Amino acid sequence: MHIDHCMRGGRPAIRLYGITESGNSVLCYVTDFLPYIYIHTPDGFQPHHDAQLMKWLEDKSKSLVNVVNDGQFVYDETIYESNIDFELRFMIDIKILGVNWIKLKKGTYEEKYQHSSRCQYVVETSYETLISHDFSDQWSRTAPVTILSFDIECTAQPGKFPVAQLDPVIQIACVILVHGETEPCANIVLVLGGCTGIPSYTVRSYNTEEELLWAWYDLFIYVDPDVIIGYNIESFDILYLVDRAKFLFGNNSLSKSGRNKDEYTKIEDNLTTNKAYGFRDTKRILMHGRAVFDIYRVIEREFKLPSYKLDHVSDHFLGEKKEDVKYSDILKLYDGTNDDRQRLAQYCLKDALLPLHLMSKLSLLINYIELARVTGVPFVYLLACGQQIRGLSQICRTAFRDGYLVEAIDYQEGSTVKPYEGATVLDACVGYYTVPIATLDFSSLYLSIMMAHNLCYTTQITPKRAKEMGFAKDIDYIETPNGYLFVSQMVRRGLIPTILSELISARKCIKAAIKNEADPEKYKILEGRQLALKLSANSLYGMTGATKRYLLCVSIASSITSYGREMIQTIKEVVEKKYPESKVIYGDTDSVMINFGDIPLEDALRIGREAAEYTTGFFKKLINLEFEKMYFPYLLTSKKRYAGLYYTNTQKYDKLDVKGIQIVRRDSCNFIRDLLK
DNA sequence: GTATCGCCCTAG
DNA sequence: TTAGCTAGGGCGATAC
């Protein structure tokens, strides 16, 4: 038996491992946090049958716990730091990535940089730290992550009773995955009560809820997870654990499940009304050093599905169903035979496994870690906060690098901003078309407008100032279709165009690298990274028009849309002039649908490509019109509502493309969808 | 009976 | 203590 020192859950711990005389391998930890120890036996052996081992552990742990409790282990910052062996912890720990600007302190900056009295966003700790931080390799590090997936089954329905009065008969299934660690670690199921008859899992039994709760916190020491996942755990499971601990043990005695032993796990109300994600009444769990990553929240955000029940979601993505156990049967099974309890354990286990499978199948964790790296916000912000913080983070990062200060806009409750004009939707020539309909699209229209015309917070100029500077129109500055002035690149390159071109070129590099990547794991990471770069580039336009908080700039947003409106009209005119028999039958924002008449698909394909190339010539550099697809036949029922067979070649259609019609809407019943289809 | 508004959910 | 944008169709509730 070997003994050494290590860190678990950010705390000093003693680790015991080895093979006992009776041939069982064992691994356990003792910390200052809990007097319990954890035993791992890889072959499913039940340690309490090994009297010799148990006695040895009992003696040993008593003396060890005393050692720990006597304070011979001092919490040592350097051990904690050196134990940080992977990137995610940096992401979780706000302090390290230098995004403390979110904690704003007014005035500090003015002392140093008196010329800018308008600046309010200040790096609280150290500006020098932030600007000297090397971001150059920020997108290239990889590291292992420890994940804990869990689920609780409870015999009482949540919501029916106050949580503290729930029937204490619960089961916790914990499936533990450890990547990149050397300790042997398998699946663990904890089941309350005398369920030792379940042979296929490593099972520990607990006679009281109190013991079980201790064991739960013990698990945090044993697994020391970076990420805690589950399905809708934020709205029930974690709250349950914390609330029950409060009820049973008083105050917050057990809520120190984070990595910093001096920080309690906090639960905040997270009531948001958000246009993008709708109304939500959730709790936000702040566990120091660990990220709560609720798969339900992710799926709900990323995918449009008719139902978000775990059963449906896992069937949809994995082709797997839940074990079918009714709520009302749980207690019966629990009180039943060994076989019954085994069924219950399997049900629990499945519910903990499915989120893990979903996460890996959809690359959710990888994609979100990449997004955190690209945008520079802490990992937990991605689920807890909206899109603005990501854009703001990118702007601040580049701004500090390039020597700008970011201005704050005071947000007044109830203040209304006049909405600005958006995109043009061309009138739809409603009908059923049995001829090929070609579609021309601008690729990322709003981004290319911002780059091509150098639109940015840092480049707008008043007519008065332009005159004072002796600037010449169309050389030193341009006037947008709705009358705002922006200086040209020669005068000053805008911050947003800089960010955009950096993101786009980074994405190009990664897309090139993906082609040569043979390792499937690395492939997934690169894929997630390029997706993150695309997403974060696309969110910058929304920032400029966001009427609530941070960096509203209607002049930029409305200039972008005004250019867009002008451009869609230009395409329509150019195409109809160049091809007199053609007619633009519909168009929305950045696309036009063209009827070239009754010609074969090959001809439509050729003419479409030609038209895209020809029309692109009418626009500034960086703006590309693409010929992507044809519809044949095409059914246009109104603005934003159409369907058609989608062709990208002349042989076979790719899919049936349906937009806006009841078939794709989730507020009608299945019968209507099926019938219309 | 008609106009208007709020709500939902989509297109881009 | 927190929230990307506008355009648009369709439907039920309400006002007149």
Side-chain angles (χ1 to χ4, degrees), chain A residues 102-104 266-284 286 301 304-306 375 381 383-395 409 411-428 430 439-447 449-450 482 496 535-562 564-565 567-568 586-593 628 636-643 657-669 672-673 676:
Chain A
I102 210 86
K103 293 177 190 163
L104 306 174
K266 289 190 202 102
I267 295 178
E268 287 178 354
D269 280 331
N270 193 18
L271 259 173
T272 59
T273 44
N274 176 334
K275 276 185 196 163
Y277 305 121
F279 178 79
R280 200 163 261 119
D281 177 9
T282 54
K283 307 280 182 185
R284 195 165 147 190
L286 302 170
R301 228 176 224 220
K304 297 254 178 241
L305 298 176
T375 54
Y381 280 33
L383 279 181
C385 306
Q387 288 189 27
Q388 282 206 52
I389 201 77
R390 306 178 199 176
L392 182 58
S393 170
Q394 286 178 89
I395 288 172
I409 293 174
Y411 171 66
Q412 263 114 37
E413 192 68 40
S415 70
T416 50
V417 182
K418 226 175 116 189
Y420 62 92
E421 196 179 340
T424 302
V425 183
L426 298 179
D427 284 335
V430 174
T439 307
L440 303 190
D441 272 287
F442 285 114
S443 54
S444 359
L445 178 68
Y446 285 180
L447 301 192
I449 289 176
M450 277 192 274
N482 59 341
I496 290 186
L535 278 179
S536 50
N538 281 335
S539 67
L540 279 172
Y541 154 71
M543 282 283 299
T544 65
T547 51
K548 282 172 181 154
R549 273 295 155 89
Y550 303 136
L551 294 172
L552 171 67
C553 189
V554 180
S555 53
I556 298 176
S558 62
S559 293
I560 294 170
T561 56
S562 73
R565 289 195 299 275
M567 285 159 75
I568 195 171
Y586 178 56
D588 187 343
T589 313
D590 62 352
S591 64
V592 287
M593 278 63 167
E628 240 184 26
L636 180 59
T637 67
S638 77
K639 283 182 174 182
K640 297 187 189 282
R641 274 148 203 258
Y642 60 82
D657 202 21
V658 182
K659 293 288 160 83
I661 302 175
Q662 286 299 324
I663 297 173
V664 296
R665 290 176 66 92
R666 294 174 301 162
D667 55 355
S668 62
C669 63
I672 289 179
R673 286 202 288 271
L676 280 172

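Predicted model, so just to flag it, every value in this text is computed and none were measured. A note on names: the letters A, B, ... follow the listed sequences, proteins ahead of strands, and every chain is numbered from 1. Scope of the values below: all heavy atoms of this structure, side chains included, with no hydrogens, waters or symmetry mates.
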- Task: Give a yes or no answer on whether the side chain of A:Ser393 reaches the backbone of A:Ile389 with a donor-acceptor pair at less than 3.5 Å.
- Result: no

- Task: Looking only at non-hydrogen atoms, find the nearest pair between A:Leu676 and A:Gln662 and report the distance.
- Result: CD1-CB, 3.4 Å

- Please work out if A:Ala423 contacts a base, only the sugar-phosphate, or nothing of the nucleic acid, heavy-atom cut-off 4.0 Å. sugar-phosphate

- A:Leu383 CG to C:dT2 P, in whole Å, measures 15 Å

- When we call it a touch if two heavy atoms are under 4.0 Å apart, what does A:Gly422 touch: a base, just sugar-phosphate, or nothing? sugar-phosphate

- Task: Could you check A:Lys639 against A:Gln388 and say which one's nearest nucleotide on DNA chain C is further toward the 5' end?
- Result: A:Gln388

- May I have the distance from A:Ile389 (atom CD1) to C:dT2 (atom P), rounded to whole angstrom? 8 Å

- Report yes or no: does A:Thr544 contribute a side-chain atom to a donor-acceptor pair with the main-chain N or O of A:Ile556 at less than 3.5 Å? no

- Task: Please check if the side chain of A:Arg641 supplies one atom and the backbone of A:Val658 the other of a donor-acceptor pair under 3.5 Å.
- Result: no

- Task: To the nearest Å, give me how far apart CG (A:Leu636) and P (C:dG8) are.
- Result: 14 Å

- Query: Counting only N and O atoms by type, is there a donor-acceptor contact under 3.5 Å from the side chain of A:Thr561 to the main-chain atoms of A:Ala423?
  - Reply: no

- Item | Rounded to 10 degrees, the angle between the two terminal axes of the helix from B:dG1-C:dC16 to B:dG12-C:dC5, each from five pairs | 10°

- Atom OH of A:Tyr420 to atom C1' of C:dA7: distance rounded to whole Å? 12 Å

- Message: Main chain of A:Val554, side chain of A:Ser558: is a donor-acceptor contact present, judged purely on distance under 3.5 Å?
- Response: yes

- Task: Report which part of the nucleic acid A:Glu421 touches: base, sugar-phosphate, or nothing (heavy-atom distance under 4.0 Å, all strands).
- Result: sugar-phosphate

- A:Leu552 atom CG is separated from C:dC5 atom P, nearest whole Å, by 10 Å

- How does each nucleotide of nucleotides 6-12 of chain B score, in 5' to 3' order, for protein heavy atoms under 4.0 Å: base (B), sugar-phosphate only (S), or none (-)? --BBSBS

- Task: Take atom CD1 of A:Ile560 and atom C1' of C:dC5, then tell me their distance rounded to the nearest Å.
- Result: 10 Å

- Item | A:Ser539 or A:Val425, whichever maps to the more 5' nucleotide of DNA chain C | A:Ser539

- Query: What is the distance from CG of A:Leu445 to P of C:dT6, rounded to the nearest Å?
  - Reply: 17 Å

- Message: Looking at A:Lys640 and A:Asp588, is any side-chain nitrogen of the basic one under 4.0 Å from a carboxylate oxygen of the acidic one?
- Response: yes

- Side-chain heavy-atom pair A:Gln387, A:Ser539 within 4.5 angstrom cut-off: yes

- Side chain A:Arg673, main chain A:Ser668, donor-acceptor under 3.5 Å: yes

- To the nearest angstrom, how far is A:Arg390 atom CZ from C:dT2 atom C1'? 15 Å

